[in-house]
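Chain letters run A, B, ... following the sequence lines, proteins first and then strands; every chain starts at 1.
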Amino acid sequence: MDPLMTDALVIAAQTAFLIVIAPAVVGYVRLIKARLQGRRGATIIQPYRELRKTFRKGMVIAESASWIFHVAPFAIVGATTAAASLAPVVSTVQPADLVGDLFVLAALLMLGTFFLALGGLDPGTAFGGMGSSREMTVAALTEPTIAIAVLTLALTTGSTSLGAITGTVLKTPAYAIGPGHALAFAAFLIALIAETGRLPVDNPSTHLELTMIHEAMILEYSGPYLALIEWAAAVRLTLLLTLAANLFLPWGMATSLVPAALTVGLCAIVVKLAILGLLLALLETRVAKLRLFRVPELLALSFTLALLGAASSFFTK
Amino acid sequence: MLGAFALGAVAALVLPLGAFVRRTALVFAAIGSACALALSVSVLRAGATWTGRWDNLLQPLGGVSLRLDSLGAFFLLIIGFTGLPASLFAIGYLKQIDRHMRSRATHTLFNVFLASMCMVTCADNGGTFLFAWEVMAVASYLLVISDPEQRDAPTAGLWYAVMTHAGFLALLAGFIILAQGGSWEFPALHSASTLLAPRARGAVFVLMAAAFGSKAGLVPLHVWLPRAHPAAPSHVSALMSAAMVNLGVYGLVRLVFDLLPPGPPWWGGLLLGIGVITALTGVLYCVAETHLKRVLAYSTVENLGLVFIGLGFALLMRGYGYGPLASMGLVAALLHTLNHAAFKCLLFLAAGSVVHRTRNVSMEMFGGLIKRMPATAMLSLVGTLALAGLPPLNGFPSEWLTFQVLVAGAQRTAPALAILLPLALAGVALVAGLAALSGVRLFGITFLALPRSTGAQHAQESTWMMVLAMAIPAVACVVLGVAPASVIPQLSRIASDLGQPTGPLSAGLALSVPLVASRMWAAMIAAVAVSAGVAAALVVRISGRDRPVRVGAAWNCGRIIQSARSEYTAAAFAEPLKRVFTGFYRPMQEVTIDVHPTSRYFVRSIRLRADLAPWMDEVVYGPLVRATRGVSDRMRQLHSGSIHFYLALLPGALLLLFVISRWIR
């Protein structure tokens, strides 16, 4: 097959995998949480049902909304999909390295957040503005942590490209258990929680407007728009979990595009997502939501961890 | 080019007052800018230099000597490129002052300002440079105070005049040390500087970096910038913010990469540190400010900070002997200069139309403008996305490149770098995050939601000429954002013309930094994002043909009437951040609670007044201002009004001068 076609196919397949599996990841975390809280919980496929139902519903658009309100869901989907297309999922052979690196991925996620926040401000309600303001504050403060975590990875592996990082770590397992990666991993997990609006930063299942961050922004959305935004949020969670799994613990990933290796890679990522999802659910049942103004302390902690990670890679070099 | 500006200036003075004089003067300004653009492109394309010399002009300063090399041409390009839309914009924008005499002055000064900026980029000796620099300063000062309706313009102008002249003195001192009594021609300065003692070189660097830094708005020399830019008419603010401040960058690059021989690493470390502080200070105030044009002015401070991070990095790497990295840093800085010029020009013009149409300057008085000024809103969104540093617009590629060079630099093992560069990287990342926040705030509060004042409610779209003027930089933002790799070869050539080894920056379809094996193919990213968005739109459209879409009231917790009073304001949007950075902002809050006289539990009204005074100005300049006041008060005591006393002072002064001249000999 034409190499260009292969590249495109690899990227498309991994992106499609992330997009398709995303609701299941959300459902899985919800299920584990329910079990931990002593409930039976809905099945893993419940989010798919919800999406289908929301997609079929009619929409109510606020009178005060402008075209930004209509464009935002699609911009979010576009940005999130583009970000997802850069992630290495099953294989370290990563043609998407030619398109962008980790900084690009972070910027694309930020683009999604940007439009989400504009969509929140557009109808002119107090809650939308509140959510936008909070979401942007958290997103802005998370950015340094992500940058330093990327730097730590780049210092040991010599690159900021995702495929190159996973490939190098896979070849040299000593990197992965070194202090730099361990600290950066911890920092990255905290950043992940903040970026995806999970406890203790934001409560994804809250019903009280005043405590909301993410949910407050999308209060005005309904029907297909809401479905798109929810789906994009799920993809965002899955994408960041995948990155946490594959950048820091790349074992099991395929190093070439042969079917056997790819199958192993596919199983590996499913297992890794299951473990990380379990951890996330455990965390969410153990901690309470932080006050909004305590969140920066958490982010400062993650930043310090990342900086320590970067510093330790200087010493171990 | 200069001829067109001269014609424009003269036309503004002699033609009869009215619309014709405005059109003629500004069309000449536009033609001059277009000529500047053409000249710079031809120089950049051909790689040749253009020279001109007139010894009998400005004879006391050593004659006029002009030479345009690729570095100068790059900055000339920026001036031409921002001058063109600013002139076109002004044709529509300045209509209301047609009947005033001051319109003549405004149009003349505008042409003079443009011409002097062009001249700065081609000056080839100290005299010409200083002359052009000073003309530029004076012209822009007069333009800043040209609008009598701006009540704070005189104060702003005073700050600006003092800062720019202090800078001029530092520049003069720097040139005097550099020339060591010899020729002031740039080539001569270049060869003379190698003979200079290292300490003297350091002095020249610090003096001139302070001078150029004050023009570029480096903290703590930035104080004039957020005052002067809002006070000036918007087309002038656009030029000041997108072209003039960049000449500070030009001056510094000319000095450290051309005139002076390679310096020690601390030069770079100093600039890098100040760059980070500047960028952070700029963005934090940009996020908290509510005056629309001041928001943009602080954003200029922030972006110039980013440019200086690139420059400082380049100097630092050159100091350590990593030549290729140095040229990468330089390329990143130049790319960001170009990108910033494009989006800041756009945003200042857009701010001009918003202020023009709503007759308000505070963001708290806008809202809902997207329905009333759709074209301005659309173009502003482009500018805001660029300002926020998001793909696929042009704020992102240069930010990405800055990240990459910092990572590549951090891989070197010098201990100082191991501390400095990660912190710088974290700083840049925080700046990027906060810039996105400020972008949401800028666009969201100004254009979205419900109008918060009658001015915003009755706003109308700007004239087609103004929209066209905004569209020019907007197109550049998109093109530079989608195809940033297309300008990299030119920028690399500027670096190599300055004697820098060409850095390992290759640019085919994608921008790529082989040192860290990273690439960014902006067009592809944009294509993927857009096609995914369009696909989602098609799915929604096709699957939902029979779906009911209802337009109803927004959810306000049961309140039926939605009013602008309940929506988020610019101050409220920044409130969480102000709390996070209380130590930085040191906000002042005044809460007045009016209670019923019979019981203090019945509250009649609560007034909250929150102020954000930039304390840095007071800390740095407060003592200076007080000392100056004190001295001038003392001096005033001399004014006794008695002619005999004055006559007695004259011989005294003469005697003192004799003594001093004797002593100097």
Side-chain angles (χ1 to χ4, degrees), chain A residues 55 58-64 66 68 74-75 77-79 81-82 85 97-101 103-104 107-108 110-111 114 117-118 121-126 129-130 132-134 136-137 139-141 143-144 147-148 151 154-155 159-161 164 219-220 224 228 292-293 296 307 310 314 317, chain B residues 370-371 388 390-391 396 400 403 407 410-411 413 418 422 425-426 429-430 432-434 436-437 439-440 443-444 448-450 510 516-521 524-525 528-530 532-533 536-537 540 543-544 547-557 562 566-568 572-573 576-577 579-580:
Chain A
F55 253 117
M59 283 197 282
V60 185
I61 309 284
E63 297 151 340
S64 42
S66 71
I68 291 282
F74 303 116
V77 167
T81 312
S85 72
D97 276 5
L98 299 177
V99 178
D101 66 345
F103 286 119
V104 175
L108 282 168
M110 190 53 129
L111 181 67
F114 187 94
L118 283 188
L121 274 172
D122 194 29
T125 63
M130 192 173 71
S132 301
S133 157
R134 292 174 178 179
M136 289 312 292
T137 306
L141 297 179
E143 207 78 337
I148 297 292
L151 173 71
L155 283 177
S159 176
T160 57
S161 293
L219 270 181
E220 283 305 316
L228 284 178
L292 181 68
F293 296 111
L307 204 59
F314 281 112
K317 198 149 56 174
Chain B
I370 194 167
K371 289 179 184 152
L390 295 172
F396 179 64
W400 182 84
F403 274 128
V407 170
Q411 286 175 346
T413 45
L425 184 75
L430 185 58
L434 292 175
L437 192 159
V440 170
F443 186 79
L448 304 182
L450 298 173
V516 280
S518 51
R519 285 164 64 92
M520 189 201 39
W521 188 357
M524 194 52 140
I525 297 166
V528 171
V530 169
V540 169
S543 72
R547 186 189 308 115
V549 175
R550 207 147 49 80
V551 174
W555 168 243
N556 267 324
C557 255
Q562 188 185 3
S566 69
E567 71 194 31
Y568 247 49
F573 198 88
L577 209 69
R579 291 225 194 168
V580 174

Proximal component of A/S85, with respect to chain B [non-hydrogen, under 4.5 Å]:
side chain
Under 4.5 Å from any heavy atom of chain B, what part of A/A154 do you find: side chain, backbone, both or neither?
both
Which is it for B/F403 and A/L151 under the side-chain contact (heavy atoms from CB on, under 4.5 Å) test, yes or no, and what are the steps along the way?
CA-CA 9 Å; B/F403 274 128; A/L151 173 71; over 6 Å; no
Between chain A and each of B/A537, B/G444, B/A532, B/S566, count heavy-atom pairs under 4.5 Å; write down the option with the most.
B/A537
Among B/V551, B/L425, B/V440, B/V407, which residue has the highest count of heavy-atom pairs closer than 4.5 Å to chain A?
B/V440
Under a 4.5 Å cutoff for heavy-atom pairs, which residue among B/G552, B/A553, B/G433, B/A572 has the most contacts with chain A?
B/G552
Is it the case that over 12 heavy atoms from other parts of the model lie below 6.0 angstrom from the CE atom of A/M59?
yes
Pick one of side chain, backbone, both or neither for A/L118, based on which atoms fall under 4.5 Å of a heavy atom in chain B.
both
Considering only heavy atoms, which portion of B/V540 lies under 4.5 Å from any heavy atom of chain A: side chain, backbone, both, or neither?
side chain
Under the side chain to side chain donor-acceptor pair (under 3.5 Å) rule, collect the residues that match up with A/S133, sequence neighbours excluded.
none
Which one, A/A164, A/G100, A/G129, leads in non-hydrogen pairs under 4.5 Å with chain B?
A/G129
Work out which heavy atom in A/F114 is nearest to a heavy atom in B/G439; give both atom names and the distance.
CE1-C, 3.8 Å
Which pair of non-hydrogen atoms, one from A/A107 and one from B/P391, has the smallest distance, and what is that distance?
CB-CD, 3.6 Å
In terms of heavy-atom pairs under 4.5 Å, which option from B/L434, B/I525, B/V528, B/L450 contacts chain A the most?
B/I525
Identify which part of B/A388 has an atom lying under 4.5 Å from any heavy atom of chain A, answering side chain, backbone, both or neither.
side chain
Minimal non-hydrogen separation, A/A62 against B/A554, with atom names:
CB-CB, 3.8 Å
Minimum heavy-atom separation for A/S132 to B/F573, with atom names?
CB-CE1, 3.7 Å
Taking side chain as C-beta onward, heavy atoms only, is A/L141 less than 4.5 Å from B/L430?
yes
Spatial distance of atom CG (B/L437) from atom OG1 (A/T137) [nearest 0.5 Å]
5.0 Å
On a heavy-atom basis, which atom in B/R519 and which in A/L98 lie closest, and how many Å separate them?
NE-O, 3.3 Å
Bottom line for A/A126: the part with an atom under 4.5 Å from chain B's heavy atoms is both
With sequence neighbours excluded, what pairs up with A/S159 under the side chain to side chain donor-acceptor pair (under 3.5 Å) test?
none
Answer with side chain, backbone, both or neither: which region of B/F396 has an atom nearer than 4.5 Å to a non-hydrogen atom of chain A?
side chain
Quick check against the 3.5 Å criterion: does B/E567 have a side-chain atom that pairs as donor or acceptor with the backbone of A/L121?
no
Measure distances from A/E63 to the heavy atoms of chain B and classify the residue's part below 4.5 Å as side chain, backbone, both or neither.
both
Contact class of A/F103 relative to chain B, heavy atoms under 4.5 angstrom
both
Highest number of heavy-atom pairs under 4.5 Å with chain B among A/V77, A/I148, A/L219 belongs to A/I148
When only pairs under 4.5 Å are counted, which of A/L292, A/D97, A/L307 shares the most heavy-atom pairs with chain B?
A/D97
Heavy-atom distance under 4.5 Å between the side chains of B/Q411 and A/L155, does that happen here?
yes
